[in-house]
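Comments concern the structure below.
Any value given below was found using the heavy atoms of this structure, including those in side chains, with hydrogens, waters and symmetry copies removed. Quick note on labels: first sequence line is chain A, next is B, and so on, each numbered from 1. Values in this document were obtained by computation on a predicted structure and should not be read as measured data.
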Amino acid sequence: MARYNPKDTEPKWRSAWAQADVFRTADIGDGRPKYYVLEMFPYPSGRIHMGHVRNYAMGDVVARYKRAQGFSVLHPMGWDAFGMPAENAAMERGVHPKGWTYDNIAAMREQLKALGLSIDWSREFATCDPAYYGKQQAWFLKLLQRGLVYRKEASVNWDPVDMTVLANEQVIDGKGWRSGAPVEKRKLTQWFLRITDYADALIDGLKTLDRWPEKVRIMQENWIGRSKGLRFTFKFADEAPAGHEAGLEVYTTRPDTLFGASFVGIAPEHPLAEQLAAGHPELQAFIAECRKGGTSEADIEGAEKLGRDTGLRVVHPLDPTITLPVWIANFILMDYGTGAIFACPAHDQRDLDFARKYDLPVLPVVLPPGEDAASFEIGKEAYVGPGSIFKSKFLDGMDIESAKSEAIARIEAMDRGQGATVYRLRDWGVSRQRYWGCPIPIIHCPSCGPVPVPQDQLPVVLPEDVTFEADKPGNPLVRHPTWKHTTCPSCGGTAERETDTLDTFMDSSWYFARFANPDAAECIDKAAADHWMPVDQYIGGVEHAILHLLYARFITRALKDEGLVSVEEPFAGLFTQGMVTHEAYKNVAGEWVEPADVVITAEGNSRSAKHATTGEPITIGDIEKMSKSKKNVVAPEDIFEAYGVDAARLFVMSDSPPERDVQWTNSGVEGSWRFTHRLWNEFDSQPAGDFAHDASDEAALALRKSAHKLIGFVTDSIEGFRFNSGVARLYEFLNALKAAPADGASDAVLAARREALNILARLVSPFTPHLAEEAWASLGGEGLVVDAPWPKADPGLAADDERVLPIQINGKRRGEIKVKAGLAEAEVEKIALADPAVLAHLEGVTVRKVIVVKDRIVNIVAN
RNA sequence: GGGGACAUGGCGGAAUCGGUAGACGCGCCGGACUUAAAAUCCGUUGGAGCAAUCCGUGUGGGUUCGAGUCCCACUGUCCCUACCA
């Protein structure tokens with residue numbers, strides 16, 4: 001019996017697939033139903049890691065399974081190749097970002113190919129290919145023409161380390177998502193995309209995404225943050241400040257609490273605040289102070305509510321006898337609503353904190369159920385629960401919702417404001433002051449202003465002769481001697497190119513559509529995209545729940561409105577897979593130690609660790625995401641070398657549910673490796689022959705039944721993304737096969753085994769494709785197993801004709817009976833009550849009731 | 001502060017519909033093979049008990065003939081988000 005040797009076997013089958021070109025897909029399909037499987041494409045950072053292995057192995061299981069089910073499967077691969085790390089490498093090591101990126105792509109392509117993925121490599125592209133980003137420039141200009149792109153001066157998030165602007169989505173806890181540096185506010189002129197025009201569509205579209213995780217839909221909905229309320233204007237009680245004669249506009253979601261207003265607040269950046277500060281050093285100092293405040297969690301938690309009275313007063317819109325002071329307050333945000341609020345301290349915690357600090361009135365107007373109107377008071381906590389409105393004239397006695405509608409109606413009738421929907425979502429700033437990105441195809445002309453580059457002059461190609469020096473940060477496009485100097489396409493005068501490049505999230509917002517035909521002369525080959533889109537199954541990390549997945553949904557809708565694609569939603573099905581984790585180890589000095597240098601010993605239930613060479617004790621730390629800084633990484637290529645690709649693929653699919661983190665362990669992958677060998681032994685020990693069935697042989701029948709049941713289990717587990725359960729069933733079945741060995745078996749059992757192995761080879765093929773091919777060949781299967789159809793279960797064999805029913809007495813299991821499947825309840829009851837074990841437990845008690853659940857269980861109620 | 005998820009042996013997890021809790025894997029323990037070890041193979045393995053049996057899915061209640069699963073309250077852990085009026 002030959003030992004299974006993945007080192008020879010795996011490359012052999014990979015070249016067989018390549019030679020037969022089995023994974024190439026036609027651009028407009030071939031008559032079979034289409035299925036588009038896509039994993040989020042990788043950033044070419046240098047080497048693939050275990051997270052990639054898990055992500056792409058999952059997609060490959062789906063792709064191979066759908067292929068076998070008769071679908072024409074599109075399963076492409078590309079590279080999200082623009083971005084900061086390439087520039088960092090350039091500055092640190094003096095290499096060129098382009099060379100660095102394409103070298104990494106070459107290395108990672110080889111690694112991915114070694115994984116044996118069923119990828120159509122003929123469609124591969126990188127976003128840094130001019131052939132790709134040129135098309136991106138083309139549709140960017142179309143969106144500009146549509147009015148979806150605009151330029152404005154705005155206060156933006158500036159990352160002082162990466163020296164670039166970041167979108168709101170890219171600021172995590174007040175820090176740059178990549179650099180981790182605290183973000184500063186800067187006023188810059190930037191290009192923006194009107195994602196807010198699509199806010200409603202993006203929220204409403206979520207309802208159609210029934211194959212997305214609920215969690216991601218909720219995150220997107222919260223991020224867009226639609227809220228309904230009232231926008232209205234306060235008139236000034238005395239003479240209005242110059243330019244503010246119309247009054248002061250505020251936004252609220254609680255118009256029902258209008259009679260509880262005790263002051264009006266404006267943001268420190270509010271134009272009125274800045275105007276007032278002009279001749280007022282104290283206000284000026286206060287506003288400057290506010291600008292400094294950080295946005296990290298600790299800053300916000302600890303931040304004290306601060307404000308300054310402007311001395312201005314405004315008139316209450318619903319009761320002209322009431323006037324309210326106008327304060328500048330540090331907790332009011334300029335870029336939400338109107339940057340001004342009316343404050344109702346009784347029913348808003350922030351307003352209450354502020355009111356207590358500056359001794360402003362607290363007027364409760366919502367009476368909680370069961371409270372007495374005369375005695376109800378607000379202490380340290382604002383009341384935000386339900387109740388009935390009181391001390392509010394015509395709103396008295398109403399519930400909150402009716403009072404909101406009534407207040408809005410009154411204000412609208414007075415023509416002082418109107419109901420308004422406000423979003424948390426801001427327009428997407430896409431300008432990046434970086435070199436290694438897609439150039440924004442705009443020319444700035446001193447007389448014509450910003451002018452689009454004519455379509456026939458695209459692509460605007462990045463110049464390659466740029467210099468990077470660690471002491472000269474910033475964008476080398478700005479200091480390039482010639483590149484930016486050009487002529488205005490409109491007037492022909494001297495002009496300068498835009499030196500900002502596009503946010504790399506633009507690159508990943510349409511690549512899935514380009515894959516339909518990556519060589520198309522137009523941006524998107526409409527016929528091909530109409531055939532393949534939407535992506536039927538998208539797979540990637542949950543860290544993109546808001547960023548990439550929201551941008552891609554927006555761009556797809558914008559491109560649809562432009563007529564470039566027909567779908568509104570790019571990803572019909574989304575699966576967010578968990579990370580690959582590993583224990584982290586530390587030595588006595590507190591330094592991280594690589595897993596390869598650690599020897600673990602276990603005695604009973606306790607584990608201890610020591611250093612493999614020095615023998616010094618090692619502390620076993622937490623299980624964490626694999627990261628270079630904690631040294632708890634395992635290199636995929638080392639695993640492929642030691643155990644083979646199939647064992648590695650199998651392990652990442654087997655140990656945990658795919659949406660959860662999987663803990664990489666050496667012993668775990670060894671288990672998968674053992675499985676591949678034991679599986680091979682079964683195939684290898686099987687003598688050739690036919691499938692002639694002998695129904696009278698019980699062992700043979702039992703084996704056939706479990707093989708046909710297995711088909712259903714594995715099919716369901718793949719369809720339902722429960723790969724770990726499917727793999728467990730395969731293990732279980734192998735155990736059953738070993739219990740009916742070929743050695744000395746009857747002809748009937750041998751035939752049953754042959755049939756079972758034929759089924760098994762196809763069922764394991766999505767998980768361990770190389771081994772499956774070797775097995776298929778040894779069984780004498782026709783052609784390649786990748787081209788073999790998915791096995792079909794014989795319903796007669798897959799269904800049980802006998803059932804073992806547990807018998808409970810008062811809910812406790814007391815015995816079991818074997819009955820024909822589907823046996824009538826009355827019959828089952830008779831048999832159950834005659835069972836000796838049951839009778840023994842019924843002695844001295846009276847049977848009150850017998851519950852029979854067909855084919856499942858019997859419960860006898862007795863006392 | 002707001003939103004969401006999760007909690008099952010020594011560990012990862014299974015139980016898809018309210019119906020035999022702990023499949024499968026890892027680890028541990030024992031055995032075979034071996035001069036020995038590794039590898040491999042076989043067996044045991046939730047807890048208590050000699051046993052019958054009893055207890056057992058984070059805690060406390062509830063619904064039900066029957067709850068890991070449904071409802072209420074709580075505790076803990078993790079993720080997202082954040083002065084969004």
Side-chain angles (χ1 to χ4, degrees), chain A residues 172-174 213-216 218-219 221-223 225 227 229 250-254 257 265 267 293 295-297 299-301 303 305 329-333 335-344 347-351 353-354 384 422-426 542-543 545-546 600 602-607 623 651 654-657 659-663 665-672 674-675 677-678 681 713 716-717 720 722 724-735 738 804-816 848-853 855-862:
Chain A
I172 315 288
D173 199 20
E214 176 83 19
K215 175 195 169 89
V216 175
I218 289 169
M219 280 165 69
E221 190 167 348
N222 290 343
W223 183 263
S227 69
V250 300
Y251 173 75
T252 181
T253 56
R254 291 299 300 272
T257 62
T295 48
S296 74
E297 182 176 353
D299 290 339
I300 290 164
E301 293 268 295
K305 301 278 182 289
N330 66 345
F331 67 95
I332 299 168
L333 302 175
D335 52 4
Y336 182 78
T338 62
I341 61 159
F342 89 81
C344 175
H347 305 295
D348 182 287
Q349 191 60 47
R350 294 156 304 179
D351 298 350
D353 294 343
F354 191 86
V384 293
V422 165
Y423 304 90
R424 221 186 68 119
L425 184 71
R426 311 289 146 75
V542 74
E543 66 273 18
I546 293 171
I600 309 260
E603 219 164 298
N605 291 333
S606 70
R607 299 164 71 235
I623 296 155
F651 177 64
S654 68
D655 220 35
S656 293
E659 69 278 10
R660 256 191 254 179
D661 292 352
V662 65
Q663 189 194 343
T665 61
N666 231 33
S667 45
V669 72
E670 274 169 19
S672 301
R674 271 196 289 273
F675 174 79
H677 284 278
R678 295 197 302 157
N681 289 344
F713 290 143
D716 291 349
S717 78
R722 290 186 304 272
N724 55 325
S725 296
V727 171
R729 292 296 196 173
L730 291 168
Y731 274 79
E732 204 174 16
F733 183 71
L734 180 65
N735 293 341
K738 291 174 76 72
V804 176
L805 305 188
I807 316 290
Q808 295 182 335
I809 294 171
N810 295 330
K812 292 210 165 84
R813 188 176 174 280
R814 296 300 183 193
E816 58 183 38
R848 303 289 173 193
K849 197 175 172 186
V850 179
I851 293 128
V852 178
V853 183
D855 291 345
R856 296 215 82 144
I857 201 166
V858 180
N859 192 15
I860 299 165
V861 187

### Query
Touch check for A:N735, heavy atoms < 4.0 angstrom, all strands: base, sugar-phosphate only, or nothing?
sugar-phosphate
### Task
Have a look at A:R607 and say if it touches a base, only the backbone sugar-phosphate, or nothing, with a 4.0 Å heavy-atom cut-off.
nothing
### Task
Would you mind classifying the nucleic acid contact of A:D716 as base, sugar-phosphate or nothing, using non-hydrogen atoms under 4.0 angstrom?
nothing
## Note on the structure
Contact string for nucleotides 61-68 of chain B, one letter per nucleotide 5' to 3', B = base within protein heavy-atom range under 4.0 Å, S = sugar-phosphate only, - = neither, reads ----BS--
### Query
Looking for any heavy atom pair under 4.0 Å, which part of the strands does A:S672 touch: base, sugar-phosphate only, or nothing?
nothing
### Query
How would RNA chain B look in dot-bracket form, 5' to 3', counting Watson-Crick and G-U wobble pairs with both distances under 3.5 Å and writing | for bases paired to another strand?
(((((((..(((......[....)))(.((((.......)))).)(((....)))..(((((..]....))))))))))))....
### Message
Looking at the base of B:C79, is there any donor atom on it, or on the side chain of A:K215, that sits under 3.5 Å from an acceptor on the other one?
### Response
no
### Task
Check every atom of B:A82, B:C83, B:U20 against the side chain of A:N330 and return the nucleotide holding the closest atom.
B:C83
### Message
Using a 4.0 Å heavy-atom cut-off, does A:R254 contact any base of the nucleic acid, only the sugar-phosphate backbone, or nothing at all?
### Response
sugar-phosphate
### Query
How would you label the contact of A:G337 with the nucleic acid (heavy atoms, under 4.0 Å): base, sugar-phosphate, or nothing?
nothing
#### Entry: Spacing of A:R678 atom CZ relative to B:C26 atom P, expressed in whole Å
8 Å
### Query
A:R674 near the nucleic acid: base, sugar-phosphate alone, or nothing, with a heavy-atom cut-off under 4.0 Å?
sugar-phosphate
